[in-house]
Number of protein chains: 2
Amino acid sequence: MSSAHRIGSLLTTEGHRLTTGRRAVVEAALASDDLFSVADVQRLVPRIGRATVFRTMRLLVDLDLVCRVRLEDGSLRYRLRVAPEHHHHLVCTGCGSVEDFSDCGVDAVSKTLAGRTKYEIQGHRLELYGLCPTCCVSSG
Amino acid sequence: MSSAHRIGSLLTTEGHRLTTGRRAVVEAALASDDLFSVADVQRLVPRIGRATVFRTMRLLVDLDLVCRVRLEDGSLRYRLRVAPEHHHHLVCTGCGSVEDFSDCGVDAVSKTLAGRTKYEIQGHRLELYGLCPTCCVSSG
DNA sequence: CCCCTCAGTGATACCTGGTATCAGTTTCAA
DNA sequence: TTGAAACTGATACCAGGTATCACTGAGGGG
Ligand SMILES: [Mn+2]
Ligand SMILES: [Mn+2]
Ligand SMILES: [Zn+2]
Ligand SMILES: [Zn+2]
């Protein structure tokens, strides 16, 4: 069973209709780079309306099938959610490739900070930026 | 010597002109909430052109007089830079108030991750979200 | 202190990325 | 097969930010 099929099944079991538009967007997401934008998807499915692409991306995020990655400049990228537990991203500023990591060590800091500030801490966002081995060499 | 004056001096010593527009924007920033948007500033100086407000904010950021804070939804806020060294923000999701903190403990994680992934890590962004003591009580 | 110059201004148009609307279409359960 | 309603997509719209460019005023040299 292909990823596309699995995602399709999940859509229907969650009570959503499996339309051609959604199928196309899912295929495009699967065929995209590690880190892709809505624009990337649109390019792959030019016959599907812009609004539908945005709506479908939101749906996939809501269903935890893809995750949003916010870049340094504030722009959004998407990525198939292969690591569904709490995790963060190490993003290559050269080529955009991404490494997931989960042992962020922020919880300890959160606790300390909660004590000091009396805030009730609800969560955090952490992203690391750097150059992947390939980009390291070619820029080095 | 007021903050406005100090900022004005810094502008001129850095070779920028101290125009009425810039003065007004600085005054507005000083009069604003802890965490303010460009729109907040615009509301306070409606006679100053939109472009000028944006340009002045960028100038203030470039001069390290204010820092940008990216909210969970990706939108930008500004804040007078009282803690100019490397630091992060603990943002109240209730009222928007902010605590700075600097001992984020991410460098250790960076080192570990650099070893494991062979990335050359350049930096990170960390933001914590929670409820400040006041909002804690009122939502409690 | 008064010019002159050029940094700065602001109206306007434009751009990107995303949402609201709504008449028309398609899905899918009955 | 059929109909309710979920979905679509053209379009208009919005927010936030930038490019342009004729005009202006800040402020240093004379
Ligand atoms: Mn991820
Ligand atoms: Mn700060
Ligand atoms: Zn790379
Ligand atoms: Zn609060």
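In the text below, chain A, chain B and the rest are named by the order of the sequence lines, each starting its count at 1.
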Which pairs with one or both residues in residues 29-38 of chain A pass salt bridge (charged side-chain N to carboxylate O under 4.0 Å, His left out), sequence neighbours excluded?
-> A/Asp34-A/Arg79
Side-chain N,O (B/Arg58) to OP1/OP2 (D/dG17) below 4.0 Å | no
Starting at CD of B/Gln42 and ending at C1' of C/dG10, how long is that distance when rounded to a whole Å?
-> 12 Å
To the nearest 10 degrees, the angle between the two end axes of the helix from C/dC1-D/dG30 to C/dA30-D/dT1 (five pairs per end) comes to 30°
Would you mind listing every side-chain hydrogen bond (donor to acceptor under 3.5 Å, both in side chains) that reaches into residues 38-48 of chain A, with sequence neighbours excluded?
-> A/Ser37-A/Asp40, A/Asp40-A/Arg43
What residues form a side chain to side chain donor-acceptor pair (under 3.5 Å) with A/His16, not counting sequence neighbours?
-> none
Taken to the nearest whole Å, CZ/B/Arg70 to C1'/D/dG16 is 11 Å
Result for 5'-nearest mapping on DNA chain D, choosing between B/Leu76 and A/Thr56, is A/Thr56
Partner set under salt bridge (Lys or Arg N to Asp or Glu O under 4.0 Å) for B/Arg68, not counting sequence neighbours | none
Separation of C/dG10 C1' from B/Met57 CE (nearest whole Å) = 18 Å
Partners of A/Ser75 by side chain to side chain donor-acceptor pair (under 3.5 Å), sequence neighbours excluded?
-> A/Asp73, A/Arg77
Between A/Asp40 (CG) and C/dG18 (P), how many Å, whole number?
-> 12 Å
Give each protein N/O atom lying under 3.5 Å from an N/O atom of nucleotides 28-30 of chain C, with the pair distance.
{"from": "C/dC28", "atom 1": "OP1", "to": "A/Leu18", "atom 2": "N", "distance (Å)": "2.8"}

Looking at residues at least two apart in the chain, or sitting in another chain, which of them share a salt bridge (Lys or Arg N to Asp or Glu O under 4.0 Å) with B/Arg125?
-> A/Glu127
Taking every non-hydrogen atom, the tightest pair across A/Tyr129 and A/Arg70 = OH-O, 3.5 Å
Close N/O contacts between protein and nucleotides 11-17 of chain C (under 3.5 Å):
none

Quick one: side chain to side chain donor-acceptor pair (under 3.5 Å) partners of B/Arg17, sequence neighbours excluded?
-> none
Would you mind reporting whether B/His89 and B/Leu128 have side-chain heavy atoms less than 4.5 Å apart?
-> no
Residues 107-119 of chain B vs salt bridge (charged side-chain N to carboxylate O under 4.0 Å, His left out), sequence neighbours excluded, gives none
A/Leu59 atom CG is separated from D/dA6 atom P, nearest whole Å, by 14 Å
Return the value, rounded to whole Å, for the distance between atom CG of A/Leu11 and atom C1' of D/dT8.
-> 16 Å
For atom CG of B/Asp73 and atom P of D/dA15, their distance in whole Å | 14 Å
Quick one: which residue pairs count as a salt bridge (charged side-chain N to carboxylate O under 4.0 Å, His left out) with a foot in residues 49-58 of chain B, not counting sequence neighbours?
-> none
Per nearest nucleotide of DNA chain C, the residue lying toward the 5' end, A/Tyr78 or B/Arg22, is B/Arg22
